[in-house]
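Here is the structure we will look at, set down as structure tokens.
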Amino acid sequence: GESVGLHLPTLSVQEGDNSIINCAYSNSASDYFIWYKQESGKGPQFIIDIRSNMDKRQGQRVTVLLNKTVKHLSLQIAATQPGDSAVYFCAEGLFSGGYNKLIFGAGTRLAVHP
Amino acid sequence: EAQVTQNPRYLITVTGKKLTVTCSQNMNHEYMSWYRQDPGLGLRQIYYSMNVEVTDKGDVPEGYKVSRKEKRNFPLILESPSPNQTSLYFCASSLAGTADPLEQYFGPGTRLTVT
């Protein structure tokens, strides 16, 4: 598959454990945040988004937490499975001047071990 | 099946030889975008389009051109490719307008090598 990040930070977890992937963002004016998952050899896939006026949002097996005080975002994955192994990107979005802009972080690799 | 398609998937070319990477989506999305992905740098936006005939620069537009003559197609043009444009390229589309999070659907990627 394609190598999307030779020197990415890596989080290693055991199958069945919960995973927490962290992200620091830079722009306090960001309107929303998104988490994307990228499996080897594929394009990124949307997981979940959260608007800046929210602190927490839950999806299927995933929870995103937003702490605007310290500009920190996290993605929690419950009962991590081998299929969760991928690179995870956080992205911050901004509505401005009639456009919609998204800036991606560098990514974190999640490795799930049996 | 709802999808974003890109062609070619792999391309090796030489410096200065014009090339086009095609992108097409069948979801009637208004928003389309091109990104390049390089190791350790994440995804960087090259150009985006909010609708037909409306395009704008992203973060790294130098050396690239785009056009949006139809809603479904958004080709990426490299008029005179250089080795620093060797990268993995992704096209994406979204139904989102200017007030919704960009839930983008990505194509499978095009691996470009410029020698």
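We name chains A, B, ... by the order of the sequence lines, and we start the count at 1 in each one.
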So for atom CD, which belongs to A:Gln60, do other residues, nucleotides or ligands contribute more than 12 heavy atoms lying within a distance under 6.0 Å? no
Say you draw a straight line from CG of B:Leu43 to CD1 of A:Ile103; how long is it, rounded to the nearest 0.5 Å? 12.5 Å
Should we count OH of B:Tyr105 as having more than 12 external heavy atoms under 6.0 Å? no
Look up atom CD in B:Glu103 and atom CD1 in A:Ile47, then write down how far apart they are to the nearest 0.5 Å. 11.5 Å
Evaluate whether atom CD1 of B:Ile12 has more than 12 neighbouring non-hydrogen atoms of other residues, nucleotides or ligands under 6.0 angstrom away. no
Are B:Tyr35 and B:Val21 connected into the same hydrophobic cluster when the rule is that any two of I, L, V, M, F, W, Y join if their side-chain heavy atoms are below 4.5 Å apart? no
Considering only heavy atoms, which portion of A:Phe33 lies under 4.5 Å from any heavy atom of chain B: side chain, backbone, both, or neither? neither
Side chain, backbone, both or neither: which part of B:Pro108 has a non-hydrogen atom closer than 4.5 Å to chain A? backbone
Distance check, rounded to the nearest 0.5 Å: B:Phe106 atom CZ versus A:Lys42 atom NZ? 15.0 Å
Can you get from A:Val62 to A:Val13 by hopping between Ile, Leu, Val, Met, Phe, Trp and Tyr side chains that sit under 4.5 Å apart? yes
Out of curiosity, does A:Ile48 fall in the hydrophobic cluster containing A:Phe89 (side-chain heavy atoms, cut-off under 4.5 Å, transitive links)? no
Nearest 0.5 Å, what's the CG-CZ distance between B:Asp59 and A:Phe104? 11.0 Å
Supply the atom-to-atom distance B:Tyr31 OH to A:Leu102 CG, rounded to the nearest 0.5 angstrom. 7.0 Å
Are more than 12 heavy atoms, taken from residues, nucleotides or ligands other than B:Lys17, located less than 6.0 Å from that residue's NZ atom? no
Can you tell me which of A:Gly43, A:Ala91, A:Pro44, A:Gly105 forms the most heavy-atom pairs within a distance under 4.5 Å of chain B? A:Pro44
Nearest heavy-atom contact between B:Gln104 and A:Phe46 is O-CB, 4.3 Å
Which heavy-atom pair separates A:Arg51 from B:Asp100 by the least distance, and what is that distance? NH2-OD1, 3.3 Å
Applying a strict 4.5 Å limit to non-hydrogen atoms, the region of B:Tyr48 in contact with chain A is side chain
Count I, L, V, M, F, W, Y as connected when their side-chain heavy atoms are under 4.5 Å apart, and connections chain through other members. Are A:Val87 and A:Val112 then in the same cluster? no
